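A short worksheet on the structure shown next.
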There are 2 protein chains.
Amino acid sequence: MAASATREKIVTAADRLFYERGFEYTSFADVAAVVGISRGNFYYHFRTKDEILVAVIERRIKDRHAMLEGWVAQGKSPRECLASFISILTVNAAKIRAYGCPVGTLFSELSKLNHPQEAGARALFDLFRHWLRQRFEDMGHGAEADALAMQLLARSQGAASLANAYPDDAFLAREVDQMMAWLDTVADPATIPS
Amino acid sequence: MAASATREKIVTAADRLFYERGFEYTSFADVAAVVGISRGNFYYHFRTKDEILVAVIERRIKDRHAMLEGWVAQGKSPRECLASFISILTVNAAKIRAYGCPVGTLFSELSKLNHPQEAGARALFDLFRHWLRQRFEDMGHGAEADALAMQLLARSQGAASLANAYPDDAFLAREVDQMMAWLDTVADPATIPS
DNA sequence: GTCTATACCTGGATAGAC
DNA sequence: GTCTATCCAGGTATAGAC
């Protein structure tokens with residue numbers, strides 16, 4: 001678990017390449033080339049490719065957790081937090097159009113491969129799901145908070161998928177606007193049937 | 001282009017395996033095993049793996065086109081047609097929970113591979129997009145018909161993605177209900193701002 | 001049209017020198 | 001900690017017999 005500099009570089013490079021090219025399609029040679037080390041050196045830091053995947057997923061969970069909790073720590077209201085979540089689609093628009101959602105596409109790939117780390121990828125989804133649910137609960141929603149979280153997660157996944165298929169600036173902006181408008185309608189729980 | 005029985009069997013098997021395991025992760029040996037032929041025999045029918053992919057995409061386009069136009073030919077109203085589209089999520093729920101959306105996951109994979117047939121996968125999306133747009137136009141929508149088509153496509157993609165991540169019966173049913181309710185709100189163009 | 005045999009390459013993984 | 005050399009499995013593709 002010692003975080004050597006080379007190890008960190010490997011995880012950083014793998015994180016990017018797994019996102020841009022997918023896990024299966026990224027070879028050790030690819031990662032080694034980016035990091036600037038030999039393929040053999042790899043195995044000093046990671047015994048198998050799966051170990052790198054585990055490290056990448058851990059890294060992503062840590063990053064996203066820090067981002068989400070950072071908003072809370074900044075004192076944002078539940079509603080502002082949800083708006084910030086939706087804004088991810090705007091902030092990362094260029095990457096999403098090029099490569100899709102890092103969470104969704106990783107899960108999709110590992111699911112098809114029947115990879116043991118499918119559970120790890122689901123944990124990434126869980127992180128968002130639970131955080132969103134907490135925000136809806138803080139907003140006054142009770143039993144339906146998890147359903148609202150799933151609904152918002154689904155919409156953002158769908159927007160990311162289609163933005164990837166149709167790299168059209170206007171589409172993603174429109175989806176974000178609609179999600180923000182939807183957020184207004186659920187901001188007052190009285191307007192939403194449970 | 002002669003549609004020999006063996007060739008058809010290969011396309012059928014590849015279609016299923018590309019969906020269940022993904023394109024890259026499906027080997028010739030896998031397909032050959034399902035069809036019950038030798039690997040060598042393969043190359044009599046298809047010179048490369050990409051040629052099989054082209055045939056699979058053609059097959060999927062043909063199938064989906066027949067399904068969509070079949071609804072129109074049955075005399076369904078634009079609104080009934082859109083409801084039938086939404087119902088795909090219910091009819092194919094089991095497969096979607098297990099493998100995701102055949103259109104979305106194929107596009108996502110080919111996009112990451114930078115595969116030439118990414119365009120073919122997009123054509124599959126286009127088929128749905130244009131058909132949906134036509135239904136919204138027939139319903140009285142004008143300039144916003146395409147945006148509505150994209151919106152519905154995005155929601156169904158998102159629902160499929162999350163249903164794959166969380167194989168929960170209730171979630172997909174809820175998403176379908178919400179899309180049907182949304183359909184009610186757009187059935188009368190007067191209620192929708194352009 | 002279908003088979004077996006095989007060439008060839010890529011990519012994951014190991015051994016051992018430095 | 002990093003390197004080179006090498007092994008081995010699996011996957012695409014070809015040749016040629018039947």
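In the text below, chain A, chain B and the rest are named by the order of the sequence lines, each starting its count at 1. Every value quoted in this text rests on a predicted model; they were computed, and no experiment measured them.
For D/dT2, one of the phosphate oxygens OP1 or OP2 lies less than 4.0 angstrom from a side-chain nitrogen or oxygen of A/Thr6. Applying the 4.0 Å criterion to OP1 and OP2 of C/dT2, one finds that B/Tyr44 has every side-chain N and O outside that range.
What separates CG of B/Leu113 from P of C/dT10 is a distance of 17 Å, to the nearest Å. Note: CZ (A/Arg39) to C1' (D/dT6) measures 10 Å, nearest angstrom. Rounding to whole angstrom units, CD of residue A/Glu51 and C1' of C/dG12 are separated by 13 Å. Spacing between atom CZ of B/Phe46 and atom P of C/dG1 amounts to 13 Å, rounded to whole angstrom units. Atom CD1 of A/Ile10 and atom P of D/dT2 are 8 Å apart (whole Å). Distance, A/His45 NE2 to D/dT2 C1': 8 Å, rounded to whole Å. In this structure, the CZ atom of B/Phe28 is 18 Å from the C1' atom of D/dA9, given to the nearest Å. Taking atom CZ on A/Arg47 and atom P on C/dG11, their separation rounds to 24 Å, with Å as the unit.
Distances from the side chain of A/Lys49 to the nucleotides C/dT2, C/dG12, D/dT12 place C/dG12 closest. For A/Tyr43, taking side-chain heavy atoms from C-beta onward, the closest of the listed nucleotides C/dC3, D/dT12, C/dG12 is C/dG12. Distance from the side chain of B/Ser38 is smallest to C/dT4 among D/dT4, D/dG1, C/dT4. Which of C/dT2, C/dC3, D/dT4 sits closest to the side chain of B/Ile37 comes down to C/dC3.
Mapping A/Phe23 and B/Gly40 onto DNA chain C by nearest heavy atom places B/Gly40 closer to the 5' end of the strand. Both A/Ser27 and A/Asn41 lie near DNA chain C, and the one whose nearest nucleotide falls closer to the 5' end is A/Ser27.
A salt bridge is defined here as a Lys NZ or Arg NE, NH1 or NH2 lying under 4.0 Å from an Asp or Glu carboxylate O, and A/Glu58 with A/Lys62 fails to meet this definition. B/Arg155 has no carboxylate O lying under 4.0 Å from a charged side-chain N of A/Glu175, or vice versa, which leaves the two without a salt bridge. Using a cutoff of 4.0 Å between basic side-chain nitrogens and carboxylate oxygens, B/Arg135 and B/Glu80 are not scored as salt-bridged.
With sequence neighbours excluded, no residue satisfies salt bridge (Lys or Arg N to Asp or Glu O under 4.0 Å) with B/Arg64.
Cation-pi geometry between B/Arg129 and A/Tyr166 is met: under 6.0 angstrom from the ring centre, within 45 degrees of the axis.
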